[in-house]
2 protein chains.
Amino acid sequence: MGHQTVTWDRPTADCPVEVALAAISGRWATLVLRDLMRGPRSFSQLRAGQPSLSAKVLTERLESLVAQGLVSCSRSPGFPVRTSYSLTSKGLLLRPLLEQLYRTGEALLGEFPDH
Amino acid sequence: MGHQTVTWDRPTADCPVEVALAAISGRWATLVLRDLMRGPRSFSQLRAGQPSLSAKVLTERLESLVAQGLVSCSRSPGFPVRTSYSLTSKGLLLRPLLEQLYRTGEALLGEFPDH
DNA sequence: CAGGATCCTAAAAGATACTG
DNA sequence: CAGTATCTTTTAGGATCCTG
């Protein structure tokens with residue numbers, strides 16, 4: 001059980017396809033993004049959504065998304081800390097891509113093995 | 001210099017998103033697919049298209065695509081052998097996804113860093 | 001020409017334990 | 001609660017040499 005992602009480096013970093021791939025790269029990335037598409041989520045909520053996703057990998061995925069400007073994070077003052085991750089307007093641009101991934105996958109599943 | 005791909009495993013193998021991700025998974029995958037979208041290509045032609053892609057990795061990528069029924073391969077009789085890889089009708093279903101990857105990447109590049 | 005066979009390295013992912 | 005720190009394992013990718 002895992003979740004697949006786009007994780008390699010780019011031929012030319014300025015290629016739009018590579019930029020888009022970077023956004024959905026890494027195991028669990030699309031599942032985390034799907035959760036965030038539904039609204040802000042805390043670290044724990046994101047973990048609960050994907051029980052077999054470790055804290056380490058979730059942290060890595062979130063750091064990557066934040067670094068790309070696709071997700072922002074706010075922390076509640078006080079204690080214990082509460083976080084709230086949410087998509088930026090840039091991150092929302094990924095919705096059509098996720099939808100197309102779903103549609104294409106459905107189409108592939110509906111096709112016969114080859115030809 | 002490389003090319004990024006979706007390369008992880010799936011949470012649930014029957015999830016359409018995972019199926020679509022599997023198709024574009026692995027470094028160089030989208031570039032090889034783009035070449036094939038333009039018509040049948042031989043092994044050498046595919047290598048020439050991506051000079052820094054090794055024979056080993058190209059072989060792996062093609063095997064994966066063939067295994068998924070997205071690409072078919074024919075060999076010329078005689079010697080030396082000539083191969084011709086081409087997209088199956090199933091493989092052609094990936095075109096809208098590649099286009100969406102491009103569009104989304106363009107949109108991301110056009111956005112400001114965050115928010 | 002079109003790969004196969006090896007070996008090696010570099011990342012990514014996972015498990016576990018611990019901290020502010 | 002929200003992570004960080006380590007360590008180990010896994011896997012992808014690259015380099016080189018060889019074959020039908």
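In this text the structure is predicted, and so the values were computed from the model without any measurement. Naming convention: chains lettered A, B, ... in sequence-line order (proteins, then strands); numbering from 1 in each chain.
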Separation of C:dG3 atom C1' from B:L65 atom CG, nearest Å, is 16 Å
Here the distance between atom C1' of C:dA13 and atom CG of A:L58, to the nearest Å, is 13 Å
When rounded to whole Å, the CZ to P distance for the pair A:R47 and D:dT4 reads 13 Å
Between CD of A:E63 and C1' of D:dA5 the distance, given in whole Å, is 13 Å
Contacts of A:V57 and A:P80 projected onto DNA chain C by closest heavy atom; the upstream (5') one is A:V57
From the candidates D:dA2, D:dG3, C:dG3, the one with an atom nearest any side-chain atom of B:T59 is C:dG3
Using a distance-only test with no angle check, is there a side-chain donor-acceptor pair under 3.5 angstrom linking B:E60 and B:S64? no
#### Entry: A:E106 and B:V19: CA distance, side-chain angles, deciding distance, side-chain contact (heavy atoms from CB on, under 4.5 Å) verdict
CA-CA 8 Å; A:E106 276 191 319; B:V19 171; over 6 Å; no
For B:A23 and A:L108, the nearest pair of non-hydrogen atoms, with its separation, is CB-CD1, 4.3 Å
Correct closest heavy-atom pair for B:S54 and B:R47 would be CA-NH2, 3.8 Å
Considering just the side-chain nitrogens and oxygens of A:Y85, establish if one lies under 4.0 Å of OP1 or OP2 belonging to D:dC1.
no
When rounded to whole Å, the CD to P distance for the pair B:E60 and D:dA15 reads 13 Å
Rounded to whole Å, the CZ-P distance (A:R82 to D:dC1) equals 7 Å
Between the base of D:dG13 and the side chain of B:K56, is there a donor and acceptor pair under 3.5 angstrom?
yes
Taken to the nearest whole Å, CZ/A:F43 to P/C:dT19 is 18 Å
Whether A:R75 contacts D:dC1 is assessed here as follows: a side-chain N or O lying under 4.0 Å from the phosphate OP1 or OP2. Is that the case? no
Heavy-atom closest pair (A:T83 atom, A:F43 atom, distance to 0.1 Å) is OG1-N, 3.3 Å
A:F79 has its side chain closest, among C:dG3, C:dG20, D:dA2, to C:dG20
Of the listed D:dG13, C:dA2, D:dT4, the closest approach to the B:R61 side chain comes from D:dG13
Between CG of B:L62 and C1' of C:dG4 the distance, given in whole Å, is 14 Å
- Task: Indicate, with a heavy-atom threshold strictly under 4.0 Å, whether B:S54 touches base, sugar-phosphate, or nothing.
- Result: nothing
The nucleotide from C:dG3, C:dG4, C:dG14 with an atom nearest the side chain of A:W28 is C:dG14
Under 4.0 Å between a side-chain N/O of B:T83 and OP1 or OP2 of C:dG3, yes or no? yes
